[in-house]
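Only heavy atoms go into these numbers, but all of them, side chains included; no hydrogens, no water, no symmetry mates. Computed from a predicted structure; not experimentally measured.
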Amino acid sequence: MITHAHSDHVGGFVKFVNKYSSDKTIKLKQFLFNFPDDSKVTGEWEKHDQNWAKSLAKSWGAEMLKVHTGNVLYYADIKINILYTQENYLACNANGIMKEDNGASIVTQFVMADGTKVLVGADHPVDGTYEGANWCENALVKYYGTALESKVVSTFHHGYGGGANNVIYSVIKPKLVLWDVDDARVSAGSLTTVAHNTYFTTNGKANGVKYYTAGGSSVTVLQFANGNPSVKR
């Protein structure tokens with residue numbers, strides 16, 4: 001699944017295809033996406049990257065599956081709820097144009113076999129002030145309310161401005177946060193001290209919330225045992 005066509009979300013897939021597409025033991029069965037039409041995108045790089053990603057997936061023989069809000073997908077014993085796609089953004093954007101591709105981010109909630117929920121917001125712009133545009137502010141909270149509650153959440157927009165706010169985090173009520181940015185940026189205080197992350201750094205700590213950063217170039221693996229998530233690098 002590619003949440004949206006920014007290079008930091010597409011680049012890993014491109015490298016993966018380049019490395020493994022000739023390996024007969026690995027098969028890409030499905031490519032999940034929901035990119036806006038080129039006519040709805042103002043950035044040339046976004047147009048390039050989303051078409052590039054699709055062409056690579058097709059060349060590897062993957063089934064192209066365009067997901068939409070309300071879809072429910074099942075893979076083994078994991079259920080994936082599609083909570084938000086780019087059509088929702090365009091529906092409340094007066095000119096019907098994607099100002100920049102963060103608004104196209106797919107928001108998903110993974111439900112494990114034991115009921116544990118993991119919410120992945122990608123770069124979905126919860127904060128309506130981002131870029132001075134109408135970003136359907138707090139749409140997820142308005143649509144789903146307490147159904148957003150999840151034990152694990154990844155930070156919206158890596159914890160940068162234009163991502164989430166403390167309203168949505170207080171509804172999600174996470175106990176474990178995957179902060180998808182490197183250690184240095186978090187530990188330096190450039191992200192932990194800003195207002196839209198205070199749920200984790202102030203309220204979160206009081207409620208026993210733990211957060212984990214990307215750890216440089218390492219890979220973070222999330223494991224579950226009896227409903228309790230743990231992190232290994």
Considering only heavy atoms from C-beta outward, does the side chain of [X] approach that of [Y] to under 4.5 Å?
| X | Y | answer |
| --- | --- | --- |
| L90 | K40 | yes |
| T116 | V111 | no |
| H157 | N102 | yes |
| V118 | K151 | no |
| V17 | F13 | yes |
| T108 | I82 | yes |
| L28 | F16 | no |
| L148 | L83 | yes |

Any chance you could measure [X], atom [atom1], to [Y], atom [atom2], to the nearest 0.5 Å?
| X | Y | atom1 | atom2 | value |
| --- | --- | --- | --- | --- |
| I106 | D123 | CD1 | CG | 12.0 Å |
| L178 | K210 | CG | NZ | 13.0 Å |
| K58 | E63 | NZ | CD | 12.5 Å |
| W52 | S7 | CH2 | OG | 9.5 Å |
| L73 | M1 | CG | CE | 6.0 Å |
| K79 | M112 | NZ | CE | 12.0 Å |

Looking at [X] and [Y], what are the two nearest heavy atoms and their distance?
| X | Y | result |
| --- | --- | --- |
| Y84 | A139 | CE1-CB, 4.0 Å |
| G121 | F156 | CA-CE2, 3.6 Å |
| A5 | V10 | CA-CG2, 3.6 Å |
| M64 | A57 | SD-CB, 4.0 Å |

Regarding [X] and [Y], is there a side-chain donor-to-acceptor distance under 3.5 Å anywhere?
| X | Y | value |
| --- | --- | --- |
| Q109 | S150 | yes |
| S105 | T3 | no |
| E149 | Y144 | no |

Qualifying residue for side-chain contact (heavy atoms from CB on, under 4.5 Å) with [X], from [options]:
| X | options | result |
| --- | --- | --- |
| Y199 | V177, N166, V167 | N166 |
| L119 | V107, V152, N81 | V107 |
| L140 | N88, V171, I168, I172 | I168 |

Quick one: does [X]'s side chain have a donor or acceptor within less than 3.5 Å of a partner on [Y]'s backbone?
| X | Y | value |
| --- | --- | --- |
| N18 | V14 | yes |
| D49 | E46 | no |
| D37 | S39 | no |

Discussion item. Tell me every residue that passes ring pair (Phe, Tyr, Trp, His ring centres under 6.0 Å) with H9, counting only those two or more places apart in sequence or in another chain.
Written reply: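 Partners of H9 by the ring pair (Phe, Tyr, Trp, His ring centres under 6.0 Å) criterion, ordered by chain and then number, come out as H4, H158.
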Item to complete: Applying side chain to side chain contact (heavy atoms under 4.5 Å, CB included), run through Q50 and I2 and close with a yes or a no.
Response: CA-CA 9 Å; Q50 64 187 28; I2 302 297; over 6 Å; no
Item to complete: Hey, can you tell me if F31 and F33 have their rings parallel, tilted or perpendicular (30° and 60° cut-offs)?
Response: tilted
Worksheet item: Can you list the residues that meet the side-chain hydrogen bond (donor to acceptor under 3.5 Å, both in side chains) rule with K54, with sequence neighbours excluded?
Response: none
